[in-house]
Engineer: 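Dropping the structure in here first, questions after.
We number each residue from 1, following the sequence as shown. Remember, it's 1-based here, ligands and their atoms both numbered in the order they're listed. Please read these numbers as outputs of a predicted model, since none were measured by experiment. Basis for what follows: all heavy atoms, side chains included, without hydrogens, waters or symmetry-related copies.
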Amino acid sequence: MRKDLTPPVNSQSSVLWSFSDIQQGLKDHTLTCQHIVEQYLQTIRQKSHLHAFLEVYEDEARQQAQEIDKKRSFGTAGRLAGMVVGIKDVLCYQGHGVQGGSRILEGFHSKFSATAIQRLLDQDAIIIGRQNCDEFAMGSSTENSAFGPTLNAAGISRVPGGSSGGSAVAVQAGMCTASIGSDTGGSVRQPAAFCGVVGLKPTYSRVSRHGLLAYGSSFDCIGPFTHTVEDSALLLEIMAGADDFDSTVSRREVPAYTKALAFDQKVKVAYLKETIDNDGLNKEVKDKTVEKLNFLKAAGHTVEAVDFPLLPYVLPTYYLLTMAEASSNLSRYDGVKYGFRSSQTHDLLSMYKKTRTEGFGEEVKRRIMLGTFVLSASYYDAYYTKAQKMRRLLADATRNILKEYDFIVLPATPTTAFQLGEHADPLEMYLADLFTVQASIAGVPAISIPNGEDSQGLPVGFQIITDLFQEDKLFAFSHYLLGK
Ligand code: GLN
């Protein structure tokens, strides 16, 4: 028995298992699910200073591993047997705490599991814990978590990106095989880029939002962090598809993404002039992106520059609409229904006020106030209606490019991971999302794959966008580019 608990490998890089490594190990009998869980728990302990997890389900994970090993010996295990997953603290898992990185949900336990999480469990994935994030997924650095920031494993003075920073770092540092995050305007792709892992935002409505704490409901998407494109494809295949609990989810059939990873055609790729020539784009990130474009050209693909003069409007449109939606979505946290209630109250109104004042952090309060303002009767048309019109124009312009080209490619982020505390000004922080919000506004799928490192050893991300529901194509192309 003791022998089974010995970590199978001890070098830093070899514990960054992809799921196919794990499956191979299980098949060869060099690994068991119990081994795998012990290894991850050990890494979580060793790297606890990174603060990727808010809670680790040690005993439960061990018990699940034991059961799944048993199932494997009977040949009855699901497709994800051996996959160990961490979940962002915005996803409900029955009987477990979920707080959206906020004080206001203190002590709250979910009565049900998010559909996406339930589907993973049904296939015998092991959920190892919940991961740190910006409060209610609002932020680009994980510094807005009420529980303190997560640190980037590539440099601990650096942010991991956000809002799903804990989820990105957990995969980066080998604490789990994959993480599940949420991406409203880049919260999977941007931290994936900062941490050197694969991060996917599927088509809006591809994955049920049932059991996801809502931020901007017309943007919110659940997406995986993985080491390989193959694992990303597998997780989407399992999480996606119709769900009676979310009427907005697409009923389209879910393709077998994992069976469609072969890529041997020539494609048409557009890059946006305004992104590559952007003043805010760091020189090293630009060079890495240009290198990739040159590789594509040399490999015989058509690579063309396209104008996207609407780029300056993406951030105002995104922030205006998501703040409006957030102000409505977050009204449910009032001290009555869930979690935290201020003890300093004397009547109903003061209870609401004090609970929300004490329970929410600065950034969330800023957004609730701005969102309420743009939805107020006198300003609704000037701001909210206008932003909705702008969203239509941006979505149409994006989809028009995608009618002519298979993919739009661009850097995932303007810079590599910045220093903790570097962007104290919220407007500067919002600029970190310059290249990710376009796909969110248009609802189209986008992925960030690793694209080497800058001269300081910080990961660079390469983003690929394609048209609605073309994830199969997106995976095949990314798999080809990343080579795994
Ligand atoms: N950084 C963006 C924001 O703060 C995106 C967050 C997200 O995708 N959840 O809104």
Engineer: Flag the pair F219 / Y204 as yes when their ring centroid distance falls below 6.0 Å, and as no otherwise.
Structural biologist: no
Engineer: As a check for students: among A326, G181, P191, S187, identify the option with a heavy atom nearest to atom 7 (C) of ligand 1.
Structural biologist: S187
Engineer: If you have a sec, work out which protein heavy atom is nearest atom 5 (C) of ligand 1 and how many Å separate them, to one decimal?
Structural biologist: Y318 OH, 3.3 Å
Engineer: Distance from S342 atom OG to K353 atom NZ, nearest 0.5 Å?
Structural biologist: 13.0 Å
Engineer: Looking only at distances, please establish whether an N/O atom of ligand 1 is found under 3.5 Å from an N/O atom of S182.
Structural biologist: no
Engineer: Just jot down the ligand 1 atoms closer than 4.0 angstrom to any heavy atom of A137, in number order.
Structural biologist: 6 (C), 7 (C), 9 (N)
Engineer: How about Y318 and Y430: are their ring centres within less than 6.0 Å of each other?
Structural biologist: no
Engineer: Which ligand 1 atoms, with their elements, are less than 4.0 angstrom from a heavy-atom of G139?
Structural biologist: 1 (N), 2 (C), 3 (C), 4 (O), 6 (C)
Engineer: Counting from 1, what ligand 1 atoms have a heavy atom of G185 closer than 4.0 Å?
Structural biologist: 5 (C), 7 (C), 8 (O)
Engineer: Contact between F219 and ligand 1, counting heavy atoms under 4.0 Å?
Structural biologist: no
Engineer: Looking at S331 and R356, what are the two nearest heavy atoms and their distance?
Structural biologist: CA-NH1, 3.7 Å
Engineer: Relative to the heavy atoms of Y215, which atoms of ligand 1 are at a distance of less than 4.0 Å?
Structural biologist: 3 (C), 9 (N), 10 (O)
Engineer: When you measure from the heavy atoms of R367 to every atom of ligand 1, does any distance fall below 4.0 Å?
Structural biologist: yes
Engineer: Heavy atom to atom 1 (N) of ligand 1, shortest distance: which of T436, V90, N144, D433 holds it?
Structural biologist: D433
Engineer: Does Y430 come within less than 4.0 Å of ligand 1, judged by its heavy atoms?
Structural biologist: no
Engineer: Relative to each other, are the rings of F263 and F477 parallel, tilted or perpendicular (30° and 60° limits)?
Structural biologist: tilted
Engineer: Could you list the atoms of ligand 1 found under 4.0 angstrom from a heavy atom of S163?
Structural biologist: 9 (N)
Engineer: Decide whether an N or O pair under 3.5 Å exists between G162 and ligand 1.
Structural biologist: no
Engineer: For the residue pair H423 and F418, categorise the inter-ring angle as parallel (less than 30°), tilted (30 to 60°) or perpendicular (more than 60°).
Structural biologist: tilted
Engineer: Does ligand 1 have an atom that lies less than 4.0 angstrom from a heavy atom of T322?
Structural biologist: no
Engineer: Is the distance between the ring centroids of H210 and F112 less than 6.0 Å?
Structural biologist: yes
Engineer: Sort out for me which residue in Y384, Y379, Y380 forms a ring-ring contact (aromatic ring centres under 6.0 Å, His included) with F373.
Structural biologist: Y379
Engineer: Mind checking whether H96 and Y93 have parallel, tilted or perpendicular rings, split at 30° and 60°?
Structural biologist: parallel
Engineer: Hey, would you say the Y215 and F136 ring centroids sit under 6.0 Å apart?
Structural biologist: no
Engineer: Numbering the atoms of ligand 1 from 1, which are under 4.0 Å from a heavy atom of M138?
Structural biologist: 4 (O)
